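Before any comments, here is the structure.
These numbers were taken from a predicted model, which means no experiment stands behind them.
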Amino acid sequence: MKGLRVGLDVGTSKVCALVAEASRESEPTVIGYGVAPCTGLRKGVVVNIDAAVEAIRAAVGEAEKSAGIKITSAVVGIAGSHIEGLNSHGIVAVRGGEVGVRDVQRVIEAARAIAIPLDRQIIHILPQRFTVDDQADVRDPIGMAGVRIEAHIHVVTAAQTYAQNLIKCSERAGVSVQQLVLEPLSAATAALLADEQELGVALVDIGGGATGVVVMLRGAVMHTAVLPIGGNHLTADLAAGLRTPTAEAERLKIAYGVATNHVVKSDEVVQVPGVGGREPRAIPRRLLGEILGPRMEEIFALVQRHLIRSGVTDSLASGLVLVGGSSLLQGTQELAERVFNVPIRHGLPVNLKGMPEELMKPMYATAAGLVLHSNAENAGANGADRRRRWEKMRSRVSGWVRDFF
Ligand SMILES: Nc1ncnc2c1ncn2[C@@H]1O[C@H](COP(=O)(O)OP(=O)(O)OP(=O)(O)O)[C@@H](O)[C@H]1O
Ligand SMILES: [Mg+2]
């Protein structure tokens with residue numbers, strides 16, 4: 001039986017609806033998409049419901065047309081600096097001397113029993129590792145002999161009002177929300193390789209209004225954060241610095257902007273159109289670097305703070321993977337290499353099959369990951385029989401990307 005997997009990325013710059021078809025036997029393959037500009041968000045959260053609904057409707061309508069299907073539900077991405085990620089752990093006694101599915105469920109319950117304020121809701125519970133008696137760093141404890149099991153987990157929570165506004169927008173546009181997924185986590189699912197997740201890696205999604213960070217080690221999520229700063233700040237700095245309209249600053253940024261002047265030849269010149277009837281003027285391209293560089297450095301300094309907070313900076317053997325539209329700013333990789341002093345690469349949504357070429361860009365990693373999360377969710381829901389449930393539980397424990405959510 002074939003089914004639809006829909007990802008809906010409601011971003012500060014654009015909404016992207018991505019539709020894939022999947023069956024029990026086959027991986028999801030993209031069959032259509034729609035992208036629409038969005039003005040209803042600021043810094044990753046909805047601030048204007050009508051504008052957000054309109055953009056979702058436009059993107060979903062386009063996706064329906066291109067795929068020739070009707071979209072009724074989707075996995076939707078959530079971001080914003082209200083997102084909090086924290087690590088927790090819990091211990092329970094093992095019943096009957098051998099760890100069973102129930103024991104794993106109970107110990108995760110114990111670990112998640114942390115005080116969460118009433119105005120916040122849990123978005124994800126991500127197991128990191130288990131300890132059975134004295135044996136630490138166990139990924140799949142089911143079937144192991146022992147009397148005591150401990151679970152370490154990462155919990156992601158969101159402010160309820162922001163989450164509810166996002167759900168409201170989606171529903172008003174005719175799309176029910178199957179599940180909310182943290183946007184950078186979704187981008188990580190689409191762009192990170194299995195080896196990187198094992199060896200230690202940080203995914204950094206630099207979007208229009210926000211920058212998301214996810215740190216992974218030994219296949220588990222160790223740290224998550226969303227910073228309220230992104231490409232719109234770069235554009236605003238340029239508009240102010242060059243005294244030019246925002247639309248023009250955006251165009252200049254994309255065409256000639258640089259994150260560091262290391263990538264600019266000393267004599268390069270760019271034309272800036274005049275405002276209010278003034279003559280166009282020629283400016284050295286290095287001026288763009290002088291304006292944009294410090295802001296990008298500020299973004300990286302905030303990211304660095306989160307990497308340190310994750311407590312695993314010494315273990316990031318695979319370095320940083322950059323996604324999001326603003327990672328395309330020329331010189332971003334060079335600047336990141338200098339700031340972080342670890343290997344840096346650009347990420348693309350490589351883990352989803354059938355991505356059209358025009359979507360093989362860093363700003364579509366989130367939408368692609370949402371489709372993969374939708375697939376994981378559906379794979380679990382279809383097989384109601386005991387054996388499949390058991391398998392799902394096992395893979396939940398051993399592979400967060402495939403099945404936990
Ligand atoms: N070639 C480029 N060079 C520099 N910046 C770019 C380039 N292409 C796109 N951008 C910037 O990328 C940003 C949009 O990125 P993206 O589509 O990832 O954001 P979003 O997902 O809509 O927003 P967010 O995730 O912050 O809510 C804009 O600020 C845009 O100016
Ligand atoms: Mg985004």
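With sequence neighbours left out, Glu62 forms a salt bridge (charged side-chain N to carboxylate O under 4.0 Å, His left out) with no residue at all. Listed by chain and number, the residues in a salt bridge (charged side-chain N to carboxylate O under 4.0 Å, His left out) with Lys14 are Asp9 (sequence neighbours excluded). By the salt bridge (charged side-chain N to carboxylate O under 4.0 Å, His left out) test, Arg95 pairs with no residue at all, sequence neighbours left out. With sequence neighbours excluded, the residues that form a side chain to side chain donor-acceptor pair (under 3.5 Å) with Arg295 are Asp237, Glu298. The side chain to side chain donor-acceptor pair (under 3.5 Å) check on Thr211 picks up nothing, with sequence neighbours excluded. Every residue two or more places apart in sequence or in another chain that forms a side chain to side chain donor-acceptor pair (under 3.5 Å) with Glu250 is listed here: Thr235. Scored by the side chain to side chain donor-acceptor pair (under 3.5 Å) test, Gln135 finds no partners at all (sequence neighbours excluded). Under the rule for a side-chain contact (heavy atoms from CB on, under 4.5 Å), Asn341 has no partner lying at least two apart in sequence or in another chain. The salt bridge (charged side-chain N to carboxylate O under 4.0 Å, His left out) search around Arg285 returns Glu268, not counting sequence neighbours. Looking at residues two or more places apart in sequence or on another chain, you find a side-chain contact (heavy atoms from CB on, under 4.5 Å) between Glu196 and Leu192, Leu193, Val201, Ser318, Val321, Arg345.
Using modelled atom types, one side-chain atom of Thr12 and one backbone atom of Gly44 make a donor-acceptor pair closer than 3.5 Å. Asp133 places a side-chain N or O within 3.5 Å of a backbone atom of Val147 that can act as its donor or acceptor partner. Side-chain atoms of Glu183 do not come within 3.5 Å of backbone N or O of Gly212 as any donor-acceptor pair. Checked by atom type and distance alone, the side chain of Ser66 pairs as donor or acceptor with a backbone atom of Ala63 at under 3.5 Å. The backbone N or O of Val258 sits nowhere less than 3.5 Å from a side-chain atom of Lys253 that would complete a donor-acceptor pair. Between the side chain of Glu21 and the backbone N or O of Ile31, no donor-acceptor pair lies under 3.5 Å. Between the Thr244 side chain and the Ala239 main chain, no donor and acceptor come within less than 3.5 Å of each other. Without hydrogens or angle criteria, Asn261 side chain to Arg286 main chain gives a donor-acceptor distance under 3.5 Å.
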Check against side-chain hydrogen bond (donor to acceptor under 3.5 Å, both in side chains), Ser186 and Thr189: CA-CA 5 Å; Ser186 175; Thr189 306; 5.7 Å; no
Test side-chain hydrogen bond (donor to acceptor under 3.5 Å, both in side chains) applied to Asn378 and Gln178, step by step: CA-CA 10 Å; Asn378 282 46; Gln178 196 187 343; 2.6 Å; yes
Chi angles and distances behind the ring-ring contact (aromatic ring centres under 6.0 Å, His included) call for His223, His306: CA-CA 8 Å; His223 189 85; His306 275 280; 5.2 Å; yes
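Atom-to-atom distance recorded for Ser310:OG and His154:NE2 is 10.0 Å, nearest 0.5 angstrom. We find the NZ-CD distance between Lys2 and Glu25 to be 9.5 Å, quoted to the nearest 0.5 Å. Once rounded to the nearest 0.5 Å, the distance linking CD of Gln271 with CG of Leu252 reads 10.0 Å. In this structure, CG in Leu302 is found 12.0 Å from CD in Glu297, a value given to the nearest 0.5 Å. Atom CD1 of Ile91 sits about 8.5 Å away from atom OG1 of Thr131, to the nearest 0.5 Å. Here the straight-line distance linking atom CG of Leu292 with atom OG of Ser326 works out to 10.0 Å at 0.5 Å rounding.
Closest heavy-atom contact between Pro349 and Met355: CG-CE, 3.6 Å. Of all the heavy atoms in Pro28 and Ala22, the pair that sits closest is CA-CB, 3.6 Å. Shortest non-hydrogen contact noted between Val6 and Ser73 is CB-O, 3.5 Å. Contact record, Gly40 with Ala51: CA-CB, 3.7 Å, taken as the closest heavy-atom pair. In terms of heavy atoms, Ala187 sits closest to Thr366 at CB-OG1, 3.8 Å.
In summary, Arg251 and Glu248 engage in a salt bridge, as defined by a charged side-chain N under 4.0 Å from a carboxylate O.
Sparse packing is recorded around NE2 of His89, with 12 or fewer heavy atoms of other residues, nucleotides or ligands lying under 6.0 Å away. The environment of CZ in Arg305 is sparse: at most 12 heavy-atom neighbours from other residues, nucleotides or ligands sit within 6.0 Å.
The side-chain heavy atoms of Ile283 and Val270, taken from C-beta on, include a pair separated by under 4.5 Å.
Here side chain to side chain donor-acceptor pair (under 3.5 Å) pairs that include residues 31-45, with residues two or more places apart or in two chains, are Tyr33-Glu358. For residues 156-187, the pairs satisfying ring-ring contact (aromatic ring centres under 6.0 Å, His included) are His82-Tyr162, with sequence neighbours left out.
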